[in-house]
Amino acid sequence: MKNHLVIYNTLTRTKEKFEPLNEGMVGLYVCGPTVYSDVHLGNCRTFISFDLIYRYLLHSGFKVRYVRNITDAGHLEGDRDEGDDKFEKKAKLEQLEPMEIVQKYTLGFHDVMREFNALPPSIEPTATGHICEQIEMVKQIISNGYAYEVNGTVYFDVEKYNKEFPYGQLTNRQLDDLIANTRELSGQDEKRGRLDFALWIKVKPEQIMRWPSPWGWGFPGWHIECSAMSSKYLGDTFDIHGGGMDLQATHHTNEIAQSQACNHKAPVKYWMHTNMLTVNGVRMSKTAGNGFLPGELFTGDHPLLEKGYSPMGVRFFMMQTHYRSTLDFSNEALQASEKGYARLMASIKTLENLKASARSTSDIKEIEKNCYDAMNDDFNTPILIANLFEASRIINSVNDNKETITGEDIISLKKLMHEFVFDVLGLKTETSNTASDKALQGVMEIILEIRKEIKARKDFAASDKLRDDLSKNNIIIKDTKDGSVWTIQE
RNA sequence: GGUCCUGUGGCCGAGUGGCUAGGCUCAGCUCUGCAAAAGCUGCUACAGCAGUUCGAAUCUGCUCGGGACCUCCA
């Protein structure tokens, strides 16, 4: 059940049987956010997808070291290897120190991840905390002959590298095609080749974020951090490297080149890429300006949003689409999955009080097998969820005395639902045990008892008024055969 | 322009050769004082054209549409 995991590997463009380099252990690296602004929902999708993958690997019994970096230096705007540093620019804008920008948006990112119930990674290294490692790596690449220095900036020599290794491997492209489609070098350009990229960049005089290096004061290029940190914590070759699809062509391609040039080893066995989140068919991105922030999503305070959506509803919405498919955002779709999610969670509650019978009319083992088959097939959460809804249907039918189930199967079902819904999909119920909640519970019991008496007298006008009044305060009463129940409407 | 992906019912979204995806919506029924919930039933789709095959949403070709990357972006 646990040993048939198949993963789609971008490198080979096929689904491959997952066999970790070290039995029972998995090294997982995911490119984290660049913390110069708030994360938008599209960013979140990637991290939520890998949270699911992390969770399922853990559930499958692997010991996982999950490294997700924080990029807090080295990202430039505009033209490649030129332009302003994003952190410095934002710092000027907000009248803060660059590291204040880093701190502010790192904390914001963590808050959002917590809202989405994403597990923290095992290690969350920062680029600025690993300048030495990056410098060492650049030195090694130079001494291996794949990089050159010009006026305090170090460039990676792509054409030379490509003579020995397939540079465009990850996107299935030939170097000639890549060169043909890249802008020409400008007259002042220091680079030898059009595709050459910076490993280390000389600072401008006004720049605050700077570090000493053998090539003078500067800062690392934006690809080298991931290579340096992944090899430091996971080794020169590790199991899974993930990130958004938009990183595939440039960032990840260059990561492979850097690591290969430095260590003479392919850095990653399985490359995994999550697809983009779109809004009305167009990719959500910072530059397109069609994104909204998680906070806006939760409150509904954005022109694109009809209402607020709970973090768990959004997480469930994302889980209903496979991670390699584009996910198109719309209010309608989000509201649809919100309802489905509520129904699924309601059935889990119902499961707690299910009555056992001598025999089962449904095959719980079969559902369990289907759930594992779905997840083992490249983390197919839509199919998993379809099966969970089947389980949910069974629970409700048993509750309605239309089907029966044995005590043993109830236990299996509870285990199944808990493990897949809470542990793997990472959903959670918003239950709390504060004093006021307990008091509310007590009060509601009293109210329901009073209403029961009113109903017994057939004073339906009074009982309906009570129900309506409670409803105005977001407390929903449902009269079932076995008495009344109440829920708080979110 | 180059490289690649994609087009599924009212909406979202799985599925890569034959077997019910699933969710939401809508309609009817059961239950019910009413409402809600829950269950059952129905709406049974694969852009178009041609081909391969006993059989195609699934493979091949063409046509049309949508998107991504090639410049920073998860």
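Chain naming here is simple, since letters A, B, ... match the order of the sequence lines and numbering starts at 1 in each.
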Would you say the rings of A:Phe298 and A:Phe116 are close, in the sense that their centroids are separated by under 6.0 Å?
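They qualify: ring centres under 6.0 Å apart.
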Could you state the [atom1]-[atom2] distance from [X] to [N], rounded to the nearest angstrom?
X: A:Leu425; N: B:G22; atom1: CG; atom2: C1'; answer: 14 Å
X: A:Tyr167; N: B:C70; atom1: OH; atom2: C1'; answer: 11 Å
X: A:Gln169; N: B:C70; atom1: CD; atom2: P; answer: 19 Å
X: A:Leu277; N: B:A68; atom1: CG; atom2: P; answer: 13 Å
X: A:Glu390; N: B:G39; atom1: CD; atom2: P; answer: 11 Å
X: A:Asp51; N: B:A74; atom1: CG; atom2: P; answer: 18 Å

Side-chain N,O ([X]) to OP1/OP2 ([N]) below 4.0 Å:
X: A:Thr34; N: B:A74; result: yes
X: A:Ser325; N: B:G13; result: no
X: A:Asn387; N: B:A21; result: no
X: A:Ser463; N: B:G33; result: no
X: A:Asn396; N: B:G39; result: yes

By nearest atom, which of the nucleotides [options] is closest to the [X] side chain?
X: A:Glu332; options: B:G23, B:C11, B:A36; answer: B:C11
X: A:Lys455; options: B:G23, B:G13, B:G33; answer: B:G33
X: A:Arg343; options: B:G13, B:A14, B:G23; answer: B:G23
X: A:Arg393; options: B:G13, B:G23, B:C40; answer: B:C40

Quick check: any donor-acceptor pair below 3.5 Å linking the side-chain of A:Asp328 to the base of B:C12?
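Between B:C12 and A:Asp328, which were checked side chain against base, a qualifying N/O pair under 3.5 Å is absent.
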Side chain A:Arg467 and base B:A36 donor-acceptor under 3.5 Å
no
Nucleotide forming a Watson-Crick or wobble pair with B:G55, both distances under 3.5 Å
none
Mind checking who B:G22 pairs with, Watson-Crick or G-U wobble, both distances under 3.5 Å?
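Partner of B:G22: B:C12.
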Pick from A:Lys15, A:Arg324, A:Lys17: which one makes a salt bridge (charged side-chain N to carboxylate O under 4.0 Å, His left out) with A:Asp377?
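The salt bridge (charged side-chain N to carboxylate O under 4.0 Å, His left out) with A:Asp377 is passed solely by A:Lys15 among A:Lys15, A:Arg324, A:Lys17.
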Geometric cation-pi criterion A:Arg68 and A:Phe47, 6.0 Å radius, 45° cone
yes
